[in-house]
Structures are given as C-alpha cells and as structure tokens.
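Presented below is the structure to which this report refers.
The chains referred to below are lettered A, B, ... by the order of the sequence lines, with proteins before strands, and numbering in each begins at 1.
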Protein chains: 2
Amino acid sequence: MSAALRLADRASRREALLDAADRIIRRDGPAASMVSIAGEAGITKPILYRHFGDKGGLYAALADRYTGELLAQLQAALEAGRGRRDRVERTVDAYLLAIERQPQVYRFLLDPGVPSAEAAQAQFQVRSFTRRLSMLLAGGIAAEIGVPATRAAAWGHGIVGMVQSAGDWWLETHAVTRTELVQELTDLLFGGYGTS
Amino acid sequence: MSAALRLADRASRREALLDAADRIIRRDGPAASMVSIAGEAGITKPILYRHFGDKGGLYAALADRYTGELLAQLQAALEAGRGRRDRVERTVDAYLLAIERQPQVYRFLLDPGVPSAEAAQAQFQVRSFTRRLSMLLAGGIAAEIGVPATRAAAWGHGIVGMVQSAGDWWLETHAVTRTELVQELTDLLFGGYGTS
DNA sequence: CGGGAGTGTTACCGCTGGTAACCCTCCGGT
DNA sequence: ACCGGAGGGTTACCAGCGGTAACACTCCCG
C-alpha cells in the first residue's frame, strides 16, 4: 500500500528536482553543473543520478518538459488562426514570444552545452523535438495544400529552421521588432522573394 | 634574418597543428580533446596552448579555416549561376555537397561541443560565420531586388537557417536525393508555399 | 665559448560527470 | 517490544577534462 505513496512521492520529488534544474539553467544557461543543481534542490549529487541516471537523462527530461510546453503553445497558435496566412503569423509570433521570454531556456534547448558524447541523449531529445515539430508542420502542409510527402517534409524542416535561425538572430540583435520580423518571415514564406 | 625563418616555421607548424586537429575532429567529432589532438600532432598539450592560447583559440582557428573554404565555394557557386533561380540552386547544392562530403566537420561547425563558457570564442566564431553568410546573402538580396535593409536582413538569416536546417535533416535521414532537396528548397523560396 | 630564446617535456591544479561505500531512519513482522 | 531490511541521504572517491607552472634541452648569436 505504501508503495503507491512512495511512487507518488518519487514523482513529485522528480518534479521538484526538475524545478530546481530549471531555476539553475535559467540562471547559468547550459553551463549548469550537476552539483549546483543538486545544491539548488537542497540535496547532493547521487540523488540526482538515482533519479535521472545520467546528466543526459536529466537534460532529456528537462528538454521534454520545455518542448512539451512550447509545442502546446505552437499548436494552440496554429489552431487559433483563421486562414493560412493568419495561422503562419500567429505560430511564428508564438515561437518568437516564447524564446523572447525565456532566452536561457531557449539557448539550453538549441545548444545544450554537452561536454561530449556522454549526454548525447539530450541532444537527441532536442533534435527529436525539432524533427517532431518539422514533421508536424510537414503533415499540416501536406494536408492543407496537396503536395507530395517528400516535398512537404523538406519544406517542413526548412521552414522550422528558417524561423529558428531568424529568431536566433533577432534574439541577439533585436534589430527589428517582433511583429516586424513576423511580417518579414511570413512575406518570405508567401513568395516574397520569388515573386518580387 | 632567422626571425623571418622562425616566423615561417611557426606558421607552417601552426598549419600542421591545424591539420592534426582537423584529422582528430574528423574522427572524434566535436568531442575531440586537446591531449588527443596534441598526440596526433606528435607533441604534447602545452605546445598547442602556446600556439592557440586556448581551446577556444584552436577551435576558432579551425572554424576560420573551414568557414573560409565553405564561403569561397558558396561564393563561387553564387557567381557561376546565371539568373536568380540558377544561382540559388547552385548555391544550395554547393552547401549540401560540402556538408555531405565532410559531415564531421559540419557537425563541429554547427555545434562545437564546448563544455561551457571557456571556449565561447569558437561559438562566437561560428555564429559569426552564420551571420556573415546571412548578411552577405542579405546584401545580395537587397542589391538584386529593391528591398528595405531590415527585410533583406531578416530574409538572409531566415534563408540561411532554412537551408542549414533542411541540410541537417537530410544529412541524418537521406530521405531524398541531393538534387531533389535542392529543387524543393528552391521551389519553397520561389513562392511554392504561398502561391499553391 | 658563454648565454639567452625558444622548443619540448613532466607534473601538477581545479573542476566536471559519475560511482562506491557507508549511515541512518523508519516501517513491518514476529 | 524488538529487530531486520529497504530506501533515502551523505561523504569520499575516481577518471578525465582544460589549463598552467616549472624545469630540461638545443641551437644560434655575440
């Protein structure tokens, strides 16, 4: 009977640990160390390792949490829009808003400062997120406009990378306002380059 | 008099060290360690540090070399093309060809597995490359079709990211042939999504 | 023939991720 | 009431990393 309690305890504990890691990563960026995370959580390293096995495991869990939130926001924006162009604008804007609000988290997701191959799981998790997002987008494209699957896939990955890269640049320079960037990118997607 | 000789020696030595680092990075990817690079070059660590000061310095030098080559290839492709669409196709193809031939180098450039903030210079160098490339592209766009500078800048970064991300996906999956991907991306840029 | 420059080495430091061994508390069975 | 084991927690350690200090050698120049 207490086994269930133990399990629930473990789960909430795990969440608390992730919260601590989240705080530290927001403060230190991808350079956060395991001991500092453990310290923030009020415990010591081995407990972290008992829960997540690996630094990669912790990072993967965190990445999963973040990407889950982001994906939900993006999907909400996607569904809120009316008409194709409106949907694109809202989604791009939602993405930019997210990375603007939590740049450290975003940096962590984009390049988790993994020392080497040990923590490749996190890298994988993030790449997996990008791919999931791209494929989701590809599915949407294929469904929206009749287009072969390979073309939709290529476009999906390309568009995701486009927004991501432009967002990265924008985050560093803030050379334009967010709404301006949304307009520029949407224009680009809707044939601004080819038909001008 | 021998000072010049010494300098030439130093320069060629430096090139040799970069060659060794290049070999190791091709073998181990971004996880290459300083001691293994030194070993490959037939010497020991401190010499590396005397030459490059820092791991960041070595990585920056390597990144500089790689990006120099890549930039030259891209510019050549850009100038070889006749007409806008042809230029885009050639350039995208040149990029894909380059990353296909040397995926490890490409990985190193994209995410140098820097442990943390120590070697931020390399990161900076690479980002600087992406930005240089994007701004070069932006300049081309602005000159080619009359477009405001901010729009050209946003587009430049977006397009670079698009090709980069799609190339990344392609490198992992090889879901399409290179020439197919070139066509898809060019179509996307030339209004394939907006005008279909 | 002496004495620096400069090249090379070994040996170390601090820090990181990761783990082994131990302790201590609390809960259930007899 | 006691006692034994299952976890949670800690200290103390290991290997490896980037980075550096101190020391040896060689070779060229005055």
Side-chain angles (χ1 to χ4, degrees), chain A residues 1-17 20-21 24-25 27-62 108 112-123, chain B residues 1-17 20-21 24-25 27-62 108 112-123:
Chain A
M1 175 110 90
S2 80
L5 266 180
R6 297 284 178 153
L7 276 185
D9 253 18
R10 268 189 79 88
S12 70
R13 187 75 137 122
R14 186 185 163 99
E15 287 305 308
L17 295 187
I24 289 296
I25 280 184
R27 178 159 63 85
D28 294 351
S33 77
M34 292 299 266
V35 60
S36 65
I37 291 177
E40 172 71 21
I43 46 153
T44 49
K45 264 197 305 175
I47 304 187
L48 272 185
Y49 283 93
R50 282 222 256 266
H51 272 268
F52 301 101
D54 200 340
K55 184 172 193 179
L58 203 177
Y59 275 34
L62 257 185
F108 163 75
V114 313
S116 65
E118 302 115 12
Q121 304 182 9
Q123 195 92 348
Chain B
M1 174 113 89
S2 83
L5 265 180
R6 296 283 178 155
L7 277 184
D9 252 18
R10 267 189 80 87
S12 71
R13 185 71 134 129
R14 185 185 163 99
E15 285 306 307
L17 295 186
I24 290 296
I25 280 184
R27 178 159 63 85
D28 295 350
S33 78
M34 292 298 267
V35 59
S36 65
I37 292 177
E40 171 71 21
I43 46 149
T44 50
K45 265 198 303 175
I47 304 187
L48 273 185
Y49 283 93
R50 282 223 258 266
H51 272 269
F52 301 101
D54 199 339
K55 184 173 192 178
L58 204 176
Y59 275 35
L62 257 185
F108 162 75
V114 315
S116 65
E118 301 117 11
Q121 305 183 8
Q123 194 90 349

Is a donor-acceptor pair below 3.5 Å formed from side chain A/Arg50 to base D/dG7, judging by atom type as modelled?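 Looking at the base of D/dG7, it does not pair with any donor or acceptor on the side chain of A/Arg50 (distance under 3.5 Å).
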
Rounded distance in Å - [atom1] ([X]) to [atom2] ([N]):
X	N	atom1	atom2	value
B/Ile43	C/dT10	CD1	C1'	15 Å
B/Leu48	D/dG19	CG	C1'	12 Å
A/Leu58	C/dG18	CG	P	10 Å
B/Phe52	D/dT20	CZ	P	15 Å
B/Lys45	D/dA21	NZ	P	13 Å
B/Met34	D/dT20	CE	C1'	12 Å
B/Tyr59	D/dG18	OH	C1'	11 Å
B/Asp54	D/dC17	CG	C1'	13 Å

Between [options], which one does the side chain of [X] approach most closely?
X	options	answer
A/Ser33	C/dG18, C/dG8, C/dT16	C/dT16
A/Tyr49	C/dT7, C/dG18, D/dG19	C/dG18
B/Pro46	D/dT10, C/dT10, C/dT7	C/dT10

Are OP1 or OP2 of D/dG9 and a side-chain N or O of A/Thr44 less than 4.0 angstrom apart? no

Value rounded to 0.5 Å, distance of CG in B/Leu17 from CZ in B/Phe52: 5.0 Å

How long is the span from the CG atom in A/Leu58 to the CZ atom in A/Arg14, to the nearest 0.5 Å?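 If I round to the nearest 0.5 Å, the distance is 8.5 Å.
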
Check B/Ile43, B/Asp28, B/Ile24 against B/Ile37 for a side-chain contact (heavy atoms from CB on, under 4.5 Å) and give me the one that passes. B/Ile24

Sequence neighbours excluded, which residues qualify as side-chain hydrogen bond (donor to acceptor under 3.5 Å, both in side chains) partners of A/Ser36? A/Ser33

